[in-house]
Amino acid sequence: MSEAIPSAALAPVIAVAAPRSVTEETPLTRNVLIGVAVAFLGLFLLLPLAVVFTEAMAKGAGAFFATFEEPDARAAIRLTLIVAAIVVPLNALFGVCAAWAISKFSFPGKSVLITLIDLPFSVSPVVSGLVYVLVFGSQGLLGPTFAAYGIQVVFAIPGIVLATIFVTFPFVARELIPLMQEQGTVEEEAALTLGASGFRTFLTVTLPNIKWGLLYGVLLANARAMGEFGAVSVVSGHIRGLTNTIPLQVEILYNEYNIVSAFALASLLAGLALVTLGFKTLLEWRYAGQIAGRRRH
């Protein structure tokens, strides 16, 4: 009797290489892309940031801290914080209301409202500042009316606040609109069915669902409000100690060749930007996790 040979042994052994995905890069390509990205960030982001802090400390810590003892510098810091304290809450309120209306309701002009929210992204800040001068200036459309009541808008704090509101109001709304659209209206409708009022529904159902997106948008709006230059430069008038924010004061000091003081104030803005970036990264991680969790459900 002949010994049976397993059929598997008769089958030829053929090594088939797994096909590579059409979207998968070779190791060389991947390393080149990573190297280009790192070199770009190092040259155009990290190097200028390092120069700011290096120039700020060029004459030692004494000269650095002396900058913040000057009355004009303190006035610029104070005005920047005041403007941010006014603008950010107003933008947060507008962003929540706009996102609620756009994501929860259908109404005539909805697409127009969405377009208007995106308007500051497409209009130069300098142009927006000029528009405020043409409207609220002494020779503008509404300027004489306000002047008759002793209200000065342009070249004063109100004009700076208005210009900053314009350039920053899309940030909160643009963060909340897709988030609230993703969540839908099921939970709010259930709360209303159970007898909750509209305000209580917002506090207990809507707000907890959007809190990370709201904080993320607030951080972005705050960073832009403190660092805005173009629109504020047009409407402020560059009055020392009165209408100069930190970016405007940095420009003045640099033009006067007061390099250390200019970079010292610039380092303050850079430090605030780094702190904002840290919070932004944390909230982005929490925000993304929340969205992923809701999509799984």
Side-chain angles (χ1 to χ4, degrees), residues 71-99 113 116-176 214-253 265-266 268-269 272-273 275-276 279:
D72 290 346
R74 290 188 174 186
I77 295 172
R78 181 168 58 251
L79 178 59
T80 302
L81 295 178
I82 290 173
V83 171
I86 296 173
V87 167
V88 173
L90 291 177
N91 277 327
L93 178 63
F94 167 79
V96 171
C97 293
L113 177 59
L116 292 177
I117 290 175
D118 291 334
L119 184 63
F121 289 144
S122 58
V123 175
S124 169
V126 174
V127 173
S128 65
L130 180 61
V131 169
Y132 280 107
V133 171
L134 295 177
V135 174
F136 296 104
S138 59
Q139 304 299 322
L141 183 63
L142 301 178
T145 303
F146 282 98
Y149 292 95
I151 301 175
Q152 183 177 358
V153 179
V154 177
F155 308 146
I157 294 179
I160 297 174
V161 171
L162 289 175
T164 308
I165 286 176
F166 178 82
V167 299
T168 57
F169 79 81
F171 290 99
V172 176
R174 265 301 164 196
E175 289 299 322
L176 294 182
L214 177 60
L215 288 174
Y216 184 71
V218 165
L219 277 177
L220 295 178
N222 183 67
R224 180 64 186 273
M226 291 191 296
E228 174 57 31
F229 178 84
V232 172
S233 178
V234 176
V235 302
S236 70
H238 294 269
I239 304 174
R240 286 177 178 264
L242 293 178
T243 63
N244 276 342
T245 58
I246 295 178
L248 301 184
Q249 185 67 16
V250 169
E251 181 197 29
I252 289 176
L253 292 173
L265 281 178
L268 177 62
L269 279 180
L272 292 173
V275 172
T276 302
F279 279 109

Identify all side-chain donor-acceptor contacts of residues 244-251 below 3.5 Å with residues at least two apart in sequence or on another chain.
none

Any pair counted as side-chain hydrogen bond (donor to acceptor under 3.5 Å, both in side chains), so long as it reaches residues 144-153, sequence neighbours left out: none
Residue pairs, two or more places apart or on separate chains, that pass side-chain hydrogen bond (donor to acceptor under 3.5 Å, both in side chains) and touch residues 156-173: Asn91-Thr168
side-chain hydrogen bond (donor to acceptor under 3.5 Å, both in side chains) involving Ser233 - partner list, sequence neighbours excluded: His238
By side-chain contact (heavy atoms from CB on, under 4.5 Å) - contacts of [X] (at least two apart):
X: Leu116; value: Val112
X: Val275; value: Phe279
X: Leu162; value: Tyr132, Phe136, Val153
X: Leu93; value: Cys97

Review item, side-chain donor-acceptor pairs of residues 119-127, under 3.5 Å, at least two apart:
residue: Ser122; atom: OG; partner: Leu119; partner atom: O; Å: 3.0
residue: Ser124; atom: OG; partner: Val126; partner atom: N; Å: 3.3

Locate the shortest heavy-atom distance separating [X] from [Y]; write the atom from each residue and the value.
X: Ala92; Y: Val218; result: CB-CG2, 4.0 Å
X: Val172; Y: Gly95; result: CG1-CA, 3.9 Å
X: Ser236; Y: Thr243; result: O-OG1, 2.7 Å
X: Val87; Y: Ile165; result: CG2-CG1, 3.7 Å

Residue pairs, two or more places apart or on separate chains, that pass salt bridge (Lys or Arg N to Asp or Glu O under 4.0 Å) and touch residues 225-243: Asp72-Arg240, Arg224-Glu228, Arg240-Glu256
Intermediate values then yes/no, side-chain contact (heavy atoms from CB on, under 4.5 Å), Ile77 and Leu265: CA-CA 9 Å; Ile77 295 172; Leu265 281 178; 4.2 Å; yes
Pairwise ring pair (Phe, Tyr, Trp, His ring centres under 6.0 Å) hits with a residue in residues 150-170, at least two apart: Phe94-Phe169
Passing option when Val232 is tested against Ile160, Val161, Leu79, Val167 for side-chain contact (heavy atoms from CB on, under 4.5 Å): Ile160
Rounded distance (nearest 0.5 Å) linking atom OG1 of Thr276 with atom CE of Met226: 5.0 Å
Working for side-chain contact (heavy atoms from CB on, under 4.5 Å), residues Leu134 and Leu141: CA-CA 7 Å; Leu134 295 177; Leu141 183 63; over 6 Å; no
Any Asp118 side-chain heavy atom under 4.5 Å of Arg174 side chain: yes
Arg78: salt bridge (charged side-chain N to carboxylate O under 4.0 Å, His left out) partners, not counting sequence neighbours: none
